[in-house]
Number of protein chains: 4
Amino acid sequence: MINFTDRQKEIIEVSIKLIAEKGIQRLTIKNISKNLGITEPAIYRHFESKLDILLAILSYFKSSTGAALERTHSAGRSGIEKIEIMFFTHLKQFAEKPALAAVIFSEEIFQNDKRLSGQVAAIMKINMKAMSTFIKQAQQNDKIRNDITKEQLSLIIMGALRLIVTKWRLSDYSFDLEKRGADLWKSIKKLIEN
Amino acid sequence: MINFTDRQKEIIEVSIKLIAEKGIQRLTIKNISKNLGITEPAIYRHFESKLDILLAILSYFKSSTGAALERTHSAGRSGIEKIEIMFFTHLKQFAEKPALAAVIFSEEIFQNDKRLSGQVAAIMKINMKAMSTFIKQAQQNDKIRNDITKEQLSLIIMGALRLIVTKWRLSDYSFDLEKRGADLWKSIKKLIEN
Amino acid sequence: MINFTDRQKEIIEVSIKLIAEKGIQRLTIKNISKNLGITEPAIYRHFESKLDILLAILSYFKSSTGAALERTHSAGRSGIEKIEIMFFTHLKQFAEKPALAAVIFSEEIFQNDKRLSGQVAAIMKINMKAMSTFIKQAQQNDKIRNDITKEQLSLIIMGALRLIVTKWRLSDYSFDLEKRGADLWKSIKKLIEN
Amino acid sequence: MINFTDRQKEIIEVSIKLIAEKGIQRLTIKNISKNLGITEPAIYRHFESKLDILLAILSYFKSSTGAALERTHSAGRSGIEKIEIMFFTHLKQFAEKPALAAVIFSEEIFQNDKRLSGQVAAIMKINMKAMSTFIKQAQQNDKIRNDITKEQLSLIIMGALRLIVTKWRLSDYSFDLEKRGADLWKSIKKLIEN
DNA sequence: AATGAATGAGATTTCATTCAT
DNA sequence: TATGAATGAAATCTCATTCAT
């Protein structure tokens, strides 16, 4: 959230809240301004366009994801623990900020604009790359099976993570994501461990 | 596509095409009618509302998915082969009809309407259930490891499938989905086989 | 209902039913045809336009009103009895066919078209004229006060009748129109009798 | 007209003018905006929906009716004089603002929406109640006959008033409403006075 | 006598954005 | 930094009516 003024941060936060509540489709300038208690034109003092707000949201998620990975990385544990921490950190983030899922999984919506879809792809790439790195470390230490490439394993782990989050959202958040995610992790661990 | 008139089928097909090209958000009555060479009100002779068109699209995918699963099911092979067929059938369907992905993965967009999101959830459920059944069969024949529940395995397999499709879409269809999907399947198979 | 084919009569009857149920504003060709189990263009085989249907309805009410007045007229009783019969006949007609009120009191809606508003005015005139004639007879027989012109008395009697019907409609037909109308008549009678 | 911004008042006034000219049915957002020299969406900065404009019009009439009755009430004269003032005030209001009649007598049109028809019924009730109160006072002072209830008398007086206004409207405002109304009042007075 | 298909005109409403103040 | 007022573009939908069959 560096490089953003206080008002910009407010706008970003309100937007995230609105996305969580009503979905990206119902994120309108009118809604944002109403929630902030200001008028619509006032928004344009802080962001040139609605696109810029969405980009700011993505950049916010990007940097917070990056920071989390950074912390995981420097935690100094074994590769498999890092994967686990990353898995659980994601679960926690989604559970705490459902908007994150609404935003990250909105490829469809961002399809319209190359910059938006590019950012979403970038965030996904960062995660996949980090995951790959952790897997590689674990594979080098013979903790994880070596007969499958780290890219494929990343895909499988992240895919499962994403799908459980999607089911959670479709179910209207009706189950405990972190608990069910923990079960899922146990299964994944069994599958990939040596 | 039973129960639909010819014109309705045309509308559904054009809509699917438009969704594939421009995303669901840009699927408008105007676009549909323009593509059919008729005026907007003419659409309303065939569908009562736009929502009904979307529901028809989902019902089309639902029945075609159901039919594909039916065929897979009665193929009379081993459980693991059925999983494989299902996996490849999905890949092929997505590769052939990119709109399918655009529609099926649009949970976000369908969030607005309970009937729509319900249908999407139903389609997902059908697939998960079929996958679970095939896995169970394979587990009973000791072809697939038994230390992980069929539900978890379904989640992992379908999650990986979905994610590779999503990456393909985000990459602007820049790689050969069926080929890369085949590689992914090999990895999954290694992971789950006994 | 002379001069109308069977199908035309059906259309008129359905239209009256629809007006009673939903108001004139929601009387559409689509609604009429749906209620008859035919298509919209079929209506145009029987009436040139929607306007003609409305005119037919008015002409129907006009002739049935005329016939009722005819019967009253030739009932051969005293003037005051005739007024009474006319008053009660109207009450009964409205109670039995709420559409009648919906149509007759729709001056606003008919304002658009001179022919329609002309017909409504004509029906009103017929009634006022008949009422005046009855009053005149009663005044000549000294049954009704002579210090007020028959036109004014008509206006007062018909006005009260219309208003009680309007209140009945606004109340969603929540009281017994004929009973309350009878009470009203008693009061009117007291006022005008010698 | 309190609680309304200047622009809102303008919209209300223009709407009333349009209703008087063309009837409620032709009161469209487009017409209103065209008359104000602005675009259609601009209207929505001032009223949330067309329904709200209609409600505003009714609330305007309601409060102006209420104020007029208030003044009549506190005029401190005899009951019969109050009835007379109320009668003439109504005539004058209708003569000056034909739209008032178009709106007030549009029960049919407002039938669609409970809030609208409720407001129309409320305005009618206010008037009937005031009239009843004045009649009661006159009856207590033996100025008006006591053998008929105040409710019935109200109905008769208001009914006559409404009908003469309706005839005036149907005749295309072709006679002097206030003059003919004054004659009518003379007759009514004769009827009800002791 | 009726239908299937379609249309022109128009209604209400939403949305991102602009501009003078 | 913010507001009041407004706009162009577009979306969904309704309605009376037409026309070929």
Side-chain angles (χ1 to χ4, degrees), chain A residues 5-8 10-11 25-34 36-54, chain B residues 5-8 10-11 25-34 36-54, chain C residues 5-8 10-11 25-34 36-54, chain D residues 5-8 10-11 25-34 36-54:
Chain A
T5 65
D6 285 0
R7 213 24 156 185
Q8 283 180 319
E10 278 184 308
I11 292 171
Q25 280 199 302
R26 294 206 196 140
L27 179 73
T28 63
I29 298 290
K30 191 175 190 176
N31 264 324
I32 297 172
S33 55
K34 204 189 288 173
L36 278 169
I38 58 176
T39 58
E40 290 152 272
I43 301 287
Y44 287 89
R45 278 272 138 198
H46 306 281
F47 286 101
E48 281 204 350
S49 70
K50 192 184 165 185
L51 177 66
D52 288 302
I53 298 176
L54 289 169
Chain B
T5 65
D6 285 359
R7 204 39 149 180
Q8 282 180 319
E10 280 183 307
I11 291 171
Q25 280 197 303
R26 293 209 193 139
L27 178 72
T28 63
I29 299 290
K30 189 172 207 150
N31 265 323
I32 298 172
S33 55
K34 205 187 286 173
L36 281 169
I38 56 177
T39 59
E40 291 162 70
I43 301 289
Y44 287 89
R45 283 214 77 77
H46 305 283
F47 286 101
E48 282 203 349
S49 69
K50 190 184 166 183
L51 177 67
D52 286 303
I53 298 176
L54 290 170
Chain C
T5 66
D6 285 359
R7 213 26 155 185
Q8 283 179 319
E10 278 184 308
I11 292 171
Q25 279 199 304
R26 294 207 196 139
L27 179 72
T28 63
I29 298 290
K30 192 176 189 174
N31 264 324
I32 297 171
S33 55
K34 204 188 287 172
L36 277 171
I38 58 175
T39 58
E40 289 151 273
I43 301 287
Y44 288 89
R45 279 270 139 199
H46 307 281
F47 286 101
E48 282 204 351
S49 70
K50 191 183 166 185
L51 177 66
D52 288 303
I53 298 175
L54 290 169
Chain D
T5 65
D6 284 359
R7 203 41 147 178
Q8 282 180 319
E10 279 184 306
I11 291 171
Q25 279 197 304
R26 293 212 192 137
L27 179 72
T28 63
I29 298 290
K30 190 171 208 150
N31 265 322
I32 298 172
S33 55
K34 205 186 288 174
L36 282 169
I38 57 178
T39 59
E40 288 157 271
I43 300 290
Y44 287 87
R45 283 215 76 79
H46 305 283
F47 285 100
E48 283 204 349
S49 69
K50 190 183 166 184
L51 177 67
D52 286 302
I53 297 176
L54 291 170

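A, B, ... follow the sequence lines: proteins, then strands. Residue 1 opens every chain.
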**Student:** Looking only at side-chain N and O atoms, does D:H46 come under 4.0 Å of OP1 or OP2 in F:dA6?
**Tutor:**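 Yes, D:H46 has a side-chain N/O under 4.0 Å of OP1/OP2 on F:dA6.
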
**Student:** Please answer whether the main-chain N or O of A:I29 pairs with a side-chain N or O of A:E40 as donor and acceptor at a distance below 3.5 Å.
**Tutor:**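 Looks like no, no N/O pair under 3.5 Å.
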
**Student:** Quick one: pull up CG in A:L36 and CG in A:N31 and give me the separation to the nearest 0.5 Å.
**Tutor:**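 Reported value, rounded in 0.5 Å steps: 11.0 Å.
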
**Student:** Check whether any side-chain heavy atom of A:I38 lies under 4.5 Å from a side-chain heavy atom of A:I32, and answer yes or no.
**Tutor:**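 With C-beta onward as the side chain, the pair stays apart.
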
**Student:** Please give, in whole Å, the distance from F:dA2 C1' to A:E10 CD?
**Tutor:**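 Computing the A:E10:CD to F:dA2:C1' distance gives 14 Å.
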
**Student:** Could you pick out which residue, C:R7 or B:G37, lies toward the 5' side of DNA chain E when each is mapped onto its nearest nucleotide?
**Tutor:**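 So the residue in question is C:R7.
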
**Student:** Can you measure C:K34 atom NZ to E:dT3 atom C1' for me and round it to whole angstrom units?
**Tutor:**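 Rounding to the nearest Å, NZ of C:K34 and C1' of E:dT3 are 17 Å apart.
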
**Student:** End-to-end bend of the helix from E:dA2-F:dT21 to E:dT21-F:dA2 (five-pair axes, 10° rounding)?
**Tutor:**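 Rounded to the nearest 10 degrees, the bend comes out at 30°.
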
**Student:** What string of B, S and - do you get for nucleotides 14-19 of chain F, 5' to 3', when a contact is any protein heavy atom under 4.0 Å?
**Tutor:** BBSBBB

**Student:** Between C:K34 (side chain) and C:T39 (backbone), is there a donor-acceptor pair under 3.5 Å?
**Tutor:**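 Judged by distance alone, no pair lies under 3.5 Å.
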
**Student:** Would you compute the distance between atom CD of C:E10 and atom NE2 of C:H46 and round it to the nearest 0.5 angstrom?
**Tutor:**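 Here the interatomic distance stands at 8.5 Å.
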
**Student:** Mind calculating the distance between CZ (D:F47) and C1' (F:dA5) to the nearest angstrom?
**Tutor:**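 Nearest whole value for this atom pair: 15 Å.
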
**Student:** State, yes or no, whether a side-chain contact exists between A:Q25 and B:Q25 at a heavy-atom distance under 4.5 Å.
**Tutor:**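 They are in contact (side-chain heavy atoms under 4.5 Å apart), so the answer is yes.
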
**Student:** What I'd like to find out is whether the side chain of A:I43 reaches to under 4.5 Å of the side chain of A:I53, using heavy atoms alone.
**Tutor:**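 Side chain of A:I43 against side chain of A:I53, heavy atoms only: contact under 4.5 Å found.
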
**Student:** What are the two closest heavy atoms between A:K50 and A:L27, and how far apart are they?
**Tutor:**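 Answer, listing the atom of A:K50 first, then A:L27: NZ-O, 2.7 Å.
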
**Student:** Between D:N31 (CG) and E:dA11 (C1'), how many Å, whole number?
**Tutor:**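 Distance, rounded to whole Å: 11 Å.
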
**Student:** Rounded off to whole Å, could you give me the CD1-to-P distance for the B:I43 and E:dG4 pair?
**Tutor:**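 In whole Å, E:dG4 P lies 18 Å from B:I43 CD1.
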
